[in-house]
2 protein chains.
Amino acid sequence: MQQFTDRQIEIMEAATNRISKFGIQNLTIKTLAEDIGLSEPALYRHFKSKNEILWSLLEYFKTEMRNRIQSLPFKTSDSEATKLRAIFNSQLQTFVNKPAIVSVIFAESIFHYEENLSNKVAEIMDMMQDFVKANIKRGQELEQYNNLIGASTLTTIIIGGMRMTVLKWKLSGHKSNLIKDGKAVLEGILKMIEK
Amino acid sequence: MQQFTDRQIEIMEAATNRISKFGIQNLTIKTLAEDIGLSEPALYRHFKSKNEILWSLLEYFKTEMRNRIQSLPFKTSDSEATKLRAIFNSQLQTFVNKPAIVSVIFAESIFHYEENLSNKVAEIMDMMQDFVKANIKRGQELEQYNNLIGASTLTTIIIGGMRMTVLKWKLSGHKSNLIKDGKAVLEGILKMIEK
DNA sequence: CAAGTTAGTTAGCGTTCACTTACAAAAGTA
DNA sequence: TACTTTTGTAAGTGAACGCTAACTAACTTG
């Protein structure tokens, strides 16, 4: 029971790579078809519009992300900080393995003009936010984190700090060390909030 | 000695508003000309290309931002935290007064395909980063801030947290309280680093 | 007041866009 | 083997794009 065919996945990955390398402006049906080695109408055999390609691509990553995070092997003895480290580590590893994804996921504004696309991007952001906020709340209730800052604000700071790190990595042409820099940010924040 | 003519500023502001409301995809010479009530070729009397309109717009804001921050009325008795509050307060106020700017400044990816434009956006980000990093370093040297985290990482966290707050405000359709939320983030971080 | 400049117009250029039509080869199935 | 479905193609559509050519009215200046 697969949600997408092999060809569809091939198209979505080619689209992601195009966007990552040359920006959304350069993603046209023509360039996309050339990347895969097909004609333009062939793409319309697999998706009914360009919009649907982008929507599917976001949906595909959203599902992958939720499954991956939800199946992280947590032990009941793990502290909330340990869990948070695991979540972000998994996320950063995914970005390093497939840097092109970042260009799509972190670009709220590129889909500004297409409501269903910007909604999908917002959904992905919200999901990550919910994971982090739940962690903070449990950590504060269990008194593993201090209560200097409210859970909402703290979530904003953590996600903001991580996003900023990813953005810098992207702007450096993936030459900075994302895993190391991301860890530094998370450990820094944890150092300030762990009891 | 003005860098831009009135008409040029009118065009740049109209462009900013277009991008903010409908995204970069909807900014065409035609829509822009209609917004101002001129014909398309008239725009080419004031800028030699669409690219130059966007570049000028970024340059215009960059200059405004540097002048504004550099002329903040600091007293020698002000603590570094006080200065940092003033910098961000000034920045957030600017965004509230002209929300359209945010769409342009915070959108690294929309100009991905035009090197001179993405460079300008990077310049603006670097400038803000330098202001914050300098503040953190002085604060740590003067022992007003603790040394739990290095200045670079801390700068990433602060800028990241603020950017995230602005992004949320934008995604809420400017309905959240940017000033209040921004203050909460900054005060939260200061609470953790102030000695 | 003649000459030049500034700031605007209408009309249209060549190109690219997402998408469609009509047809053909291959693959699966009876 | 005959029929159907799937997956591909070449050729072309109308609309939209950035930008230009050719022209003009109003102002400025020696």
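Throughout, protein chains are lettered first and strands after them, A, B, ... in sequence-line order, and every chain is numbered starting at 1.
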* Where along nucleotides 14-20 of chain D does protein come under 4.0 Å, by heavy atom, of base (B) or sugar-phosphate alone (S), with - for untouched nucleotides? -> ---SSBB
* Does B/Met12 reach the side chain of B/Glu59, with side-chain heavy atoms less than 4.5 Å apart? -> no
* Asked: Relative to each other, are the rings of A/Trp169 and A/His174 parallel, tilted or perpendicular (30° and 60° limits)?
  -> tilted
* Can you tell me if the side-chain N/O atoms of A/His46 get under 4.0 Å from OP1 or OP2 in D/dG8? -> yes
* To do: Answer yes or no: does a side-chain N or O of A/Arg7 lie under 4.0 Å from OP1 or OP2 of D/dG8?
  => yes
* Asked: Does the distance from a Lys or Arg side-chain N to an Asp or Glu carboxylate O, for A/Arg138 and A/Glu80, drop under 4.0 Å?
  -> yes
* Does a side-chain heavy-atom distance below 4.5 Å link B/Ile69 with B/Met128? -> yes
* To do: Apply ring pair (Phe, Tyr, Trp, His ring centres under 6.0 Å) to A/Phe131 and list each qualifying residue two or more places apart in sequence or on a separate chain.
  => none
* Start and end of chain A contact along DNA chain C [non-hydrogen atoms, under 4.0 Å] -> C/dC17 to C/dC23
* Asked: Has the side chain of A/Glu10 got a donor or acceptor atom that lies under 3.5 Å from a matching backbone atom of A/Asp6?
  -> no
* To do: May I ask you to say whether B/Lys168 pairs ionically with B/Asp181, meaning some side-chain N is under 4.0 Å from a carboxylate O?
  => no
* To do: Could you state the atom-to-atom distance from CD1 of A/Ile36 to C1' of D/dT7 in whole Å?
  => 14 Å
* Asked: Is it true that B/Lys183 and B/Glu187 have a side-chain N and a carboxylate O under 4.0 angstrom from each other?
  -> no
